[in-house]
Each structure stands twice: as structure tokens, then as C-alpha cells.
Amino acid sequence: MSVAIALFTRDLRVRDNPALTAAAREADQVVPLFVVDEALVPDRCPPNRAHFLAAALAELHEQLRELGGALVVRRGAVADEVERVVQETGATSVHLAEDVSRYSSNREQALRDIPNVTVRCHSGSITATSAELVPSTGRDHFAVFTPYFRRWSAAHRRSPLPAPRSLVVPPIHSEILPRPQDLGAGEPSPRLRVGGESTGRALLDDWLDGPIADYARDNDYLAADATSRLSPYLHFGCVSPTEVVSRADPSGDGGLAFVRQLAWRDFHHQVLAARPDAAWSDYHTRVTAGPDDEQAVAAWRDGRTGYPIVDAGMRQLRAEGWMPGRARLIAASFLAKSLHQDWRVGAAHFLRWLVDADLANNQLNWQWVAGTGTDTRPNRVLNPLRQADRYDPDGDYVRRWLPELAHLPGASIHRPWRANVDPAQYPAPLIDCVGS
């Protein structure tokens, strides 16, 4: 009996999972393996992502059971545990999803050092691999999104894969499914939403069934809550980005705008694959942060800057472990461009709280806002008042997250100082703001 290992990392699903499909086609028996890496948990896995991961693993286990299999869970260093499974089962190959972080590169190399085992990485976390979309200049990555998107739009993409019809798992010991507290320390956001493949697919179906049509028109309007909320499911691989792109109709404005956001995701993965140091170092050193201001940073983190549109986003982040893209841009610009604080401070805070905190997207979006990344207008500043007037014109988003200001009518909620709000109730603005 031939045995292959399908090592789950960022692809916690059975449908359109190239690594699982390849393992099932290649061998008579498959070990669907997840390793709780002690290098990451509990200290480096924030509670929001720990709770989401536990739920995603539980749903993955149920999906595998429907195929006749089960999730095999081990705990330790990934390569060490894979080697133990190889010794226990006689497996000759390991299949896993491609990734671009330095951690994943080191993990892949450690797997390749296991004797007598073939390691195959599959493109399952993004829709197009970096090697397929290189610029004609000979560089290893695009540095600007627009030409990348043109190439991405014209690139061939594979068709989504069905789940394997059945799986046979060899006799092997598995630890119990991890609980959230086994994966990360601390309390999660009180309104955190969690799920896995079945939850994510239901969310995708609902999104494609109607709301996507208005995405281009409504996604930046904060009170509308008009985004898909699929980002955590994409981050953990509970839904396939290839399937999402294949099912989204780009012929309409909404579908095209939504697909464009998925292309940004691939773009950032390409940049980080080529420049792994960009996770914490400036991609372009062209903007200098000001002196550290711990009080200002603390006010930003706590949603007490005196600018309601900024504070609403930061409070939603704490409450839900998520915030819409426009709120992320406003909050990030305020910290990096208005308060002149180092983007890494904000990126670390987002990594702590965002359930969808993907290293490539989080860090490179922060660099884009800070002016150190791929933005062609590095001096761009988002004025929070103009942003509020444009994207929360009636103040409903702010009213949802700042109850102490809910009595202020309409757009006046964005300028509480004009209503003589007691600073003990809500603080005065930290600074005067300029920008677009």
C-alpha cells in the first residue's frame, strides 16, 4: 500500500485543495495531517486567530469524515512530526500548499531534509503563482499593482478541483482536536465570528447570490457593511481563492471590483515572496517616521484619538477582530501619516487583533499607506474628516461603535468638539489634520 501525506497549513478545506487531491491521486492511503507547531503556539498565535483556527480544524475534520477519513493531529516541530508519520506509515511523499513567508520557507526546507521523502508544494493559497506573472523587464516581481493586474487578468487559471471521492487513512495515532486555548493565550474579541469550510462556503454562496453586484458602489461606505467578510476564510484556506475568482462574474462592476481585491492579495504575495524582508523592513525607504509617541499610539489603539471615524474602526477591531478595508486605510493613515508613527507599530497591532491578519497583505498594505511600499503616491494622506464625510455621510458607522456620541445628529457626530462634548466623555482631537 502506497502512502502520501497531505500536510494542511493554509488550506483547511477538502474542495479545490491541490495538495489533498494530489496525495489522493498518487497513493492508496492518505494521512491528512495538521501539526500544531510549538514554535507558533500559544505565544505567537493571538486569541482571535486561535479561536478561528480551532473552529476551522473542527469543520475540516468533519469534512474529512464524510470522505471516510479523519484529520490526524500532532503537536511539535512540523518537520519532526512529519518525519515521525513517515516512519510510522512508510509514506514516501508530502504535499502542502505554497506559502511566501520566511517561516514557511524554513518549514519547506526542513521538510525537504527528511530522507527518502518527496516534497511537493502546490498553488492553493493564491490564484496565480509568482513564477507565472513576472514582468517583461526581467525582475522577479511587479513593483506596481496596475501592470500586475493586467497580466493577472490575462493569465490562465486552473479549474477548481472537486473534493476527493473518498479517503483511506492508514492506522495511526492522532491527538484530539485542539481547543482554542491549546492554540493561543488570551481572550478573543467578544463579537468574533469563527468558522471553517462549510461556514465559509455558505458565506460565499450568499455573497455571490446578490450582494456582490453592489460591491463596487457600496464597499467603501462603512455603515453599509457591504463587503464579503470572506477574508478570514481565505486566510486560513477554508475557501479556495481560485474557486472564488472562478465563480465571481467580472462582467459587472461589482464582480470586477471584488476580483480586483483578490488580485491585490496575489500581488502582495508575489512582492513578499521576492522580498521576504518586507514583512518588517521598508520596501522603499522614502518616508521617515517621527519620534515615538507612546501616548498617541495608546490613544490610537484604544479608539480615543478624538476623531470618531478613526476611533470607530479601532473599536470595531477590538470588538470583532475585523474591520472593513476603508476603515483599515483610515486608521492606518492616521497613525502613520498624521501621527507620524512607525508603520510597524500599527502592523503589529493589526496582527494581534485581526482574525484575517495575513502577513503579506497586512504588512504590505501598511507599507502602502505609510509611503514605504508600492504606492505610486507615497505622500498621500487620508484626512479623517474628509474620509468621514465621504464614506460615513450620515454618521451611522460611528454611531454604531461610539455610543457616547450616539446623541449627536447626522454628520455632526464626526466633529463632536463643535457640539461641546465633554472631554471626559469623549476626548478632544489629538492633532489637527490635513490631507485628502
>> Can you confirm if the aromatic rings of His268 and Trp368 lie within a centre distance of less than 6.0 Å?
In response: no

>> A side-chain contact here means heavy atoms from C-beta on lying under 4.5 Å apart; do Thr374 and Val144 qualify?
In response: no

> Does Asn48 use its side chain to pair, donor to acceptor, with the backbone of Ser189 at less than 3.5 Å?
Replying inline: yes

>> Would Leu71 and Phe8 count as a side-chain contact (heavy atoms from CB on, under 4.5 Å) here? Give the steps.
In response: CA-CA 9 Å; Leu71 185 64; Phe8 288 91; 4.1 Å; yes

>> What's the separation between atom CD in Glu243 and atom CZ in Arg13, rounded to the nearest 0.5 Å?
In response: 8.5 Å

> Is the closest side-chain heavy-atom distance between Arg399 and Pro409 below 4.5 Å?
Replying inline: no

> Considering residues at least two apart in sequence or located in another chain, which fulfil the ring-ring contact (aromatic ring centres under 6.0 Å, His included) criterion with Tyr103?
Replying inline: none

>> Under the criterion side-chain contact (heavy atoms from CB on, under 4.5 Å), I'd like the reasoning laid out for Val310 against Ile330: C-alpha separation, chi angles, the key distance, then a yes or no.
In response: CA-CA 6 Å; Val310 175; Ile330 294 170; 4.0 Å; yes

>> Go through it in stages, so that I can follow the logic: the residues are Arg107 and Thr9, the test is side-chain contact (heavy atoms from CB on, under 4.5 Å), and I'd like the CA-CA distance, side-chain angles, deciding distance and then a yes or no.
In response: CA-CA 11 Å; Arg107 177 185 60 203; Thr9 53; 3.5 Å; yes

> Passes side-chain contact (heavy atoms from CB on, under 4.5 Å), Val421 versus Leu408? Steps please.
Replying inline: CA-CA 9 Å; Val421 171; Leu408 297 178; 4.1 Å; yes

>> Using a 3.5 Å distance criterion without hydrogens, assess whether the side chain of Trp300 forms a donor-acceptor pair with backbone atoms of Ala331.
In response: yes

> If only atom types and distance count, is the side chain of Arg315 paired as donor or acceptor with the main-chain N or O of Gly303 below 3.5 Å?
Replying inline: yes

> If only atom types and distance count, is the side chain of Arg10 paired as donor or acceptor with the main-chain N or O of His235 below 3.5 Å?
Replying inline: yes

> Is there a donor-acceptor pair closer than 3.5 Å between any side-chain N or O of Asp209 and the backbone N or O of Asp205?
Replying inline: no

>> Between Gln387 (side chain only) and Ile309 (backbone N and O only), is there a donor and an acceptor less than 3.5 Å apart?
In response: no

> Between Phe52 and Phe236, how do the two ring planes meet: parallel, tilted or perpendicular, split at 30° and 60°?
Replying inline: parallel

>> A side-chain contact here means heavy atoms from C-beta on lying under 4.5 Å apart; do Leu382 and Phe334 qualify?
In response: no

>> What's the separation between atom CZ in Arg328 and atom CG in Leu317, rounded to the nearest 0.5 Å?
In response: 8.0 Å

>> If I compare all heavy atoms of Pro308 with all of Val398, which pair ends up nearest, and what's the gap?
In response: CB-CG1, 3.6 Å

> Will you find, in the side chains of Thr199 and Glu59, an N or O donor that is under 3.5 Å from an N or O acceptor?
Replying inline: yes

>> To the closest 0.5 Å, what do you measure between CG (Asp282) and OG1 (Thr372)?
In response: 4.5 Å

> Under a 4.5 Å cut-off applied to non-hydrogen side-chain atoms, are His95 and Asp11 in contact?
Replying inline: no

> Ignoring hydrogens and geometry, is there a side-chain-to-backbone donor-acceptor pair from Asp292 to Glu294 under 3.5 Å?
Replying inline: no

> Is a side-chain N or O of His51 found less than 3.5 angstrom from the main chain of Pro180, in a donor-acceptor match?
Replying inline: no

>> I'd like to know if the side chain of Asn106 and the backbone of Ala110 have a donor-acceptor N/O pair within less than 3.5 Å.
In response: no

> Does Arg318 pair with Asp302 as a salt bridge, N-O distance under 4.0 Å?
Replying inline: yes

> Between Asp182 (side chain) and Arg179 (backbone), is there a donor-acceptor pair under 3.5 Å?
Replying inline: yes

>> Using side-chain heavy atoms (C-beta onward) and a distance below 4.5 Å, is Leu12 in contact with Leu53?
In response: yes

> Under 6.0 Å from the six-membered ring centre of Trp322 and within 45° of its axis: does the NZ or CZ of Arg229 meet both?
Replying inline: yes

> Does the side chain of Arg400 come under 3.5 Å of the side chain of Gln316 through a donor N or O and an acceptor N or O?
Replying inline: no

> Taking the side chain as C-beta and beyond, is there a heavy-atom pair between Trp207 and Tyr215 under 4.5 Å?
Replying inline: yes

>> If the condition is salt bridge (charged side-chain N to carboxylate O under 4.0 Å, His left out), which residues does Arg158 pass it with, not counting sequence neighbours?
In response: Asp16

> So, Asp99 and Ser101: side-chain donor and acceptor under 3.5 Å apart, yes or no?
Replying inline: no

> Are Asp277 and Arg275 close enough, and set up right, to give a salt bridge (charged side-chain N to carboxylate O under 4.0 Å, His left out), and what steps lead you there?
Replying inline: CA-CA 5 Å; Asp277 60 310; Arg275 291 277 302 274; 3.4 Å; yes

> Does the pair Asp358/Arg49 count as a salt bridge with the N-to-O cut at 4.0 Å?
Replying inline: no

>> I'd like to check Gln363 versus Trp343 (side-chain heavy atoms, cut-off strictly below 4.5 Å). Are they in contact?
In response: yes

> If you measure from CD on Gln270 to CG on Asp140, what distance do you get to the nearest 0.5 Å?
Replying inline: 7.5 Å

> Between atom OG1 of Thr242 and atom CZ of Arg247, what is the distance when rounded to the nearest 0.5 Å?
Replying inline: 13.0 Å

>> Can you tell me how far apart NE2 (His349) and CG (Leu335) are? Round to the nearest 0.5 Å.
In response: 9.5 Å

Which donor-acceptor pairs under 3.5 Å do side chains of residues 254-265 form with protein atoms, sequence neighbours excluded?
{"residue": "Arg265", "atom": "NH1", "partner": "Ser125", "partner atom": "O", "Å": "2.7"}
{"residue": "Arg265", "atom": "NH2", "partner": "Ser125", "partner atom": "O", "Å": "3.2"}
{"residue": "Arg265", "atom": "NH2", "partner": "Leu234", "partner atom": "O", "Å": "3.0"}

> Below 4.5 Å, heavy atoms only, C-beta onward: do Asp356 and Tyr233 meet side chain to side chain?
Replying inline: no

